[in-house]
Amino acid sequence: MSRREVDLFVIGAGSGGVRAARIAAQHGARVMMAEEYRVGGTCVIRGCVPKKLFVHAGRFAHDLEDMAGFGWRVGEAEFDWLTLVANKDKEIARLEAIYRRNAENAGVEVVASRAVVAGPNTVRILSTGEEIDARYILLATGARPALGPAIPGCELAITSNEAFNLTHFPDRILVQGAGYIAVEFAGLFRALGSDVTLVYRADKVLRGFDGEIRDHLEAEMTRAGIHLTPGRTITAIEVINGGKRVTLSDGAVVEVDDVMLALGRIPNTAHLGLDTVGVKLDEVGAVVVDEIGCTNVPSIYAVGDVTNRINLTPVAIREGHAFADTVFGNKPWTVDHSLVATAVFSEPEIGTVGLSEEAARALGRPIDIYSTSFRPLKATLSGRETRTFMKLVVDKESDVVLGCHIMGDAASEMIQLAGVALGLKAKKADFDRTVAVHPTSAEELVTLRTPTRSV
Ligand SMILES: Cc1cc2nc3c(=O)[nH]c(=O)nc-3n(C[C@H](O)[C@H](O)[C@H](O)COP(=O)(O)OP(=O)(O)OC[C@H]3O[C@@H](n4cnc5c(N)ncnc54)[C@H](O)[C@@H]3O)c2cc1C
């Protein structure tokens with residue numbers, strides 16, 4: 001029997017793979033796409049979407065507390081974890097079906113199997129052993145949670161993958177990690193009522209973010225009752241009384257129901273056949289690509305988290321789209337990886353775009369910092385002890401706004417539009433010219449008159 005031939009074989013049906021497959025098919029390419037787990041990938045099945053649903057669940061607890069100051073009296077409220085998990089599962093099943101349908105409607109053949117590279121133009125479908133000839137291969141295999149060093153009892157810990165499907169609510173949870181996934185889960189479990197301990201090796205959470213944002217988030221997390229435990233790691237986990245006893249590197253012992261590791265993510269390049277064709281990987285195992293996603297093997301491309309550039313869904317989607325337009329649509333374009341606005345759904349949430357103060361200082365150019373910290377209007381009646389923080393980093397000579405950092409309610413919504421302004425190289429004078437929308441928190445961004453400091 002002759003081997004089947006396609007123009008494009010996509011390995012991995014996540015954010016980047018699905019978009020690339022669909023757009024390439026719409027350009028007339030014959031496309032196959034293999035998925036070993038569930039169509040939709042990390043974002044839909046066990047990342048952004050379920051995470052944000054859980055964040056919403058936690059915020060209702062805040063709303064219930066905040067209502068009293070506004071005159072509302074509500075009876076005893078009760079939270080049911082299993083209802084949340086079941087409803088989340090229904091929603092991601094619905095989204096998975098939409099992703100699959102959109103790809104199939106565009107003419108993509110979706111294969112439910114692990115697939116590996118068997119040659120520069122050959123993919124092997126592991127469930128059947130069939131080999132497919134492909135003019136191009138796209139690696140869109142994403143990344144998986146890092147598990148850290150093999151300490152005694154490490155098999156007792158969970159990662160974000162399992163946290164979405166716990167069969168019980170963790171009344172006490174210890175999260176290890178200081179990245180955005182760690183602080184998000186610490187915040188959402190705390191809001192839902194868990195006693196949360198956050199353990200991290202670094203001295204502060206959210207490495208790479210603006211220093212003041214990091215400080216303000218730590219202050220808010222402490223105020224919310226999260227036990228921040230910097231400068232330490234887990235050295236052992238053991239089962240005790242139906243829970244877990246966790247030993248830390250300073251000898252301290254914490255008893256919890258669950259231990260979650262959020263130690264970063266590892267690109268999925270192992271056992272993918274890449275060594276057989278000599279695809280170049282970097283020191284962390286990510287696929288090395290040029291600006292259109294091409295590897296050192298001209299027929300093999302890669303997009304998304306497997307390339308470990310900016311590991312976010314909208315970036316993976318864009319990279320997949322640019323690849324398909326460039327290779328199959330005769331419409332070459334590349335993704336601008338500078339100025340990607342992003343959010344952290346911590347409590348309170350963070351929105352950030354552009355340079356942190358530290359990164360701007362490192363450029364060695366004079367900068368002005370404008371910042372404000374204030375009690376949001378809602379908190380005056382609710383009595384909630386929380387502060388909103390905003391900051392603009394401005395190039396002193398050109399007046400161009402280099403960075404915008406927000407922590408507080410709706411920061412993720414605000415930063416999307418600040419991203420448009422910074423993309424247009426808005427100057428501080430443009431922010432100043434803009435009439436405020438009142439009464440909002442966002443208006444503070446256009447009424448910051450005097451620099452807090454010049455450096
Ligand atoms: C807990 C969590 C929260 C997140 N929150 C956000 C957020 O709020 N905002 C945001 O922008 N990003 C968020 N992300 C990151 C986002 O999910 C990823 O950046 C995005 O999913 C990357 O898309 P991708 O296409 O590169 O890979 P993925 O979406 O991971 O898709 C890769 C797919 O390939 C499959 N696969 C792997 N190997 C093979 C193989 N050999 N054969 C067949 N199939 C294979 C996998 O099963 C997977 O479905 C979050 C991630 C996590 C873990």
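In listed order, ligands and their atoms are each counted from 1.
- Ligand 1 has a nitrogen or oxygen under 3.5 angstrom from a nitrogen or oxygen of Y180.
- Taking a 4.0 Å cut-off on heavy atoms, K52 fails to register as neighbouring ligand 1.
- Of the residues listed (R114, E131, M32), the one engaging I125 in a side-chain contact (heavy atoms from CB on, under 4.5 Å) is M32, and it is the only one.
- Near A34, meaning under 4.0 Å from one of its heavy atoms, ligand 1 places the atoms 43 (C), 44 (N).
- Applying the 4.0 Å criterion to heavy atoms of L312 picks out, from ligand 1, the atoms 10 (C), 11 (O), 12 (N), 19 (O).
- Atoms of ligand 1 found under 4.0 Å from any heavy atom of K51, numbered from 1 in the order shown, are 3 (C), 4 (C), 5 (N), 6 (C), 7 (C), 8 (O).
- In this pair, F328 and F323 present their aromatic rings perpendicular. The plane angle is above 60°, beyond the 30 to 60° band.
- Across all their heavy atoms, I237 and I234 have their closest contact at CG1-CG2, 3.8 Å.
- Between L272 and ligand 1 there is a heavy-atom distance shorter than 4.0 Å.
- The nearest protein atom to atom 13 (C) of ligand 1, hydrogens excluded, is given as C48 SG, 3.2 Å; this is a heavy-atom distance.
- Note on E220 versus R223: salt bridge recorded, some NZ/NE/NH1/NH2 to OD/OE distance being below 4.0 Å.
- Close N/O approach between A115 and ligand 1 is found [any backbone or side-chain N/O within under 3.5 Å].
- A ring-centre distance under 6.0 Å is not found for Y180 and F185.
- Residue-ligand proximity, N311 to ligand 1, at heavy-atom distances under 4.0 Å covers atoms 15 (C), 19 (O).
- Closest to atom 45 (C) of ligand 1, if we only count protein heavy atoms, is E36 CG, 3.6 Å.
- Between F54 and W81, the ring center distance clears the sub-6.0 Å criterion.
- Less than 4.0 angstrom separates some heavy atom of C43 from each of these atoms of ligand 1: 17 (O), 21 (O).
- The ligand atoms of ligand 1 that sit less than 4.0 angstrom from a heavy atom of Y37 are 47 (O).
- Those atoms of ligand 1 that come under 4.0 Å of a heavy atom in S113, given as number and element, are 43 (C).
- When each of I226, D258, V196 is tested with F189 by the rule side-chain contact (heavy atoms from CB on, under 4.5 Å), just one qualifies, namely V196.
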